[in-house]
S.K.: 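Below is the structure I would like to discuss, written out as structure tokens.
Note that this is a predicted model, so its numbers are computed, not measured. Sequence lines set the chain letters: A, B, ... in the order given, protein chains first and strands last, and positions in each chain run from 1.
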Amino acid sequence: MNLFIASVRRDLLVHFRHPSEVLNPLVFFVVVISLFPLGIGPEPGQLKAIAPGIVWVAALLATLMSMDSMFRSDFEDGSLEQIVLSEQSTFIFVLAKVVSHWLLSGLPLVLLMPLAALLLFLDEAGVWALTLSLLLVSPTLSLLGGIGAALTVGLPRGGLLVTILVMPLYVPVLVLATAMVQAAEAGSDTIGYVYWLLAILFGSMCLAPIATAAAINVATDQ
Amino acid sequence: MLNWFHRLGSPKTFFEISGRWQVPLLSLAVLMLAGGAAWALLFVPPDYQQGNSVRIMYIHVPAAILAQSGYVMMAGAAAVFLIWRIKLADVAVKCVAPLGASITFLALVTGAIWGKPTWGTWWVWDARLTSTLVLFFLYIGVIALRSAMDRQAGVGRACAILALVGVVNLPVIKYSVDWWYSLHQPASFSLTEKPSMPIEMWLPLLVMVIAYYLFFFSVWMMRIRNEILVREKNTDWVKQWLAVR
């Protein structure tokens, strides 16, 4: 538990002192969102219809942008190796890394959601569903992305490869989350989607760190 | 039994045993492919609704079945490699990935060709098509990781981890895209249920499925033999084997 708190605190501190790494994906997210009305045309009805998909794809891309750096600096300065060699559990360390990644990339995206929804003329029910869906799913994105980040940490340029490895794993949450927003806009019940997304979140919370820890063991084993 | 398993795990023994199996397996596969294809394309009566285009099924359905079970087999080999560190399992994972990706691609292409006359469109964003496409991306991921990590020590284990992660996700992906309204007909082939098509259409399909599997296994085995020769090229037995040739 000490390792968990110490790791999260250190990550937050490091990124607080160098905020650009945290801010860049958020700026990217807003820029991508605002490009769509320019490309498609400013007609509110059309934008409203495709808003959930646009916001979600932009959020996935923004998350993946920050994914590559999850373990990279720790790998390069050797602290990742020290963690693996120490008697501390790698599983807990991975969870700590995922939590700090979520606090620095997932949570700010959730907070940006109302702005994105405003730009695309979503109505109130849609805004709430969109924010809730991202709140439920963004930890899953960090958990699954961690696997890709750990697998590619030993490579000089892992960024694009992470996207290829992780994107297929994001399909279920993307389908369910956009369906949830559309259901909310149509005025129907969304609780079933909430249960599904929570089930996926807890499932990946149990399983994904195992794979990530195994991948870290491989990367530091050379 | 366990002893046999360990012995088969040594590249040299596998190479010797598979050398004896290679020719009969491949000839049986080619024979059944040719026979099944001739049966399906020439002698099966045309469908009352789809006409002759139903014959694409005999190419498409076995590919689609094999695409999925190929991934499961790859994950099985990956698990064997991670648990027992049998090097041959890593060779198997490496050799099956491009094979599975090509079979998945074949399933997608034949599906598109079949979709045009029956649905009137090459592609629909339907549940089964989408999950096959995602399966294709999963294969591509394993291949991409392998080629990016080429010559690094942990490449086999990294790819094995990725294959296992993919196989855990496969059912989730499948069921989540099933939520969409599906244009695709339900599974047309199952061994456990009574066939929904007449027996004279079902039998050639069975032949084709078995032929696809045999072909898959024999090509997989040939690729493994090739890879063994490359990896063990500095050992005495490979040098002797090459000298005899």
Side-chain angles (χ1 to χ4, degrees), chain A residues 53 84 137 140 143-180 182-183 192-193 196-197 199-201 203-204 206-222, chain B residues 71 75 78-79 81-83 85 90 97 101 104 125-182:
Chain A
V84 173
V137 169
T140 314
L143 282 163
L144 294 178
I147 302 173
L151 282 172
T152 55
V153 74
L155 298 170
R157 282 179 305 278
L160 194 59
L161 191 60
V162 175
T163 313
I164 297 175
L165 299 187
V166 173
M167 255 325 176
L169 309 182
Y170 282 174
V171 167
V173 283
L174 176 65
V175 168
L176 291 169
T178 45
M180 173 176 161
Q182 276 157 359
Y193 295 102
W196 261 104
L197 293 176
I200 293 180
L201 169 60
S204 41
C206 299
L207 295 175
I210 299 175
T212 312
I216 285 178
N217 277 329
V218 173
T220 51
D221 205 23
Q222 296 163 19
Chain B
Y71 198 92
F81 178 61
L82 280 180
I83 296 167
R85 300 285 162 88
D90 176 42
T104 314
W125 285 101
D126 152 85
R128 281 169 162 246
L129 280 79
T130 310
S131 58
T132 309
L133 187 66
V134 174
L135 179 70
F136 184 62
F137 290 152
L138 285 172
Y139 274 119
I140 296 291
V142 177
I143 298 171
L145 185 65
R146 169 90 57 182
S147 66
M149 288 183 76
D150 198 22
R151 294 192 191 84
Q152 290 200 20
V155 54
R157 279 159 72 202
C159 290
I161 292 168
L162 185 64
L164 284 179
V165 170
V167 88
V168 171
N169 267 276
L170 216 50
V172 184
I173 292 169
K174 208 168 157 43
Y175 283 108
S176 69
V177 292
D178 270 352
W179 280 47
W180 296 355
Y181 175 73
S182 181

S.K.: What part of B:Ile173 gets closer than 4.5 Å to chain A, counting heavy atoms only: side chain, backbone, both or neither?
M.R.: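 Both backbone and side chain of B:Ile173 come within 4.5 Å of chain A.
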
S.K.: Answer with side chain, backbone, both or neither: which region of A:Ile210 has an atom nearer than 4.5 Å to a non-hydrogen atom of chain B?
M.R.: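 Answer is neither: A:Ile210 stays 4.5 Å or more from chain B.
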
S.K.: Minimum heavy-atom separation for A:Leu161 to B:Ala144, with atom names?
M.R.: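 Nearest pair, atom of A:Leu161 first, then B:Ala144: CD1-CB, 3.6 Å.
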
S.K.: Any idea which heavy atoms bring B:Ile143 and B:Ala101 closest together, and the distance?
M.R.: CD1-CB, 3.9 Å

S.K.: Which atoms of A:Ile147 come close to chain B, meaning under 4.5 Å heavy atom to heavy atom: side chain ones, backbone ones, both, or neither?
M.R.: side chain

S.K.: A:Ile164, A:Val166, A:Leu155: which one forms the most heavy-atom pairs within less than 4.5 Å of chain B?
M.R.: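 The answer is A:Leu155.
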
S.K.: How close do B:Ala163 and B:Ala78 get, heavy atom to heavy atom, and via which atoms?
M.R.: CB-CB, 4.0 Å

S.K.: What part of A:Ile200 gets closer than 4.5 Å to chain B, counting heavy atoms only: side chain, backbone, both or neither?
M.R.: side chain

S.K.: Against chain B, label A:Leu169 side chain, backbone, both or neither, depending on which of its atoms sit under 4.5 Å from a heavy atom there.
M.R.: both

S.K.: Can B:Leu162 and A:Leu165 be said to form a side-chain contact (heavy atoms from CB on, under 4.5 Å), step by step?
M.R.: CA-CA 8 Å; B:Leu162 185 64; A:Leu165 299 187; 3.5 Å; yes

S.K.: Provide the closest heavy-atom pair for B:Leu138 versus B:Leu170 in the form atom of the first, atom of the second, distance.
M.R.: CD1-CD1, 3.6 Å

S.K.: With only heavy atoms counted, which part of A:Thr152 is less than 4.5 Å from chain B, the side chain, the backbone, both or neither?
M.R.: side chain

S.K.: Assess whether a salt bridge exists between B:Asp90 and B:Arg157, defined as any Lys/Arg side-chain N lying under 4.0 Å from an Asp/Glu carboxylate O.
M.R.: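 The answer is no: the pair does not qualify as a salt bridge.
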
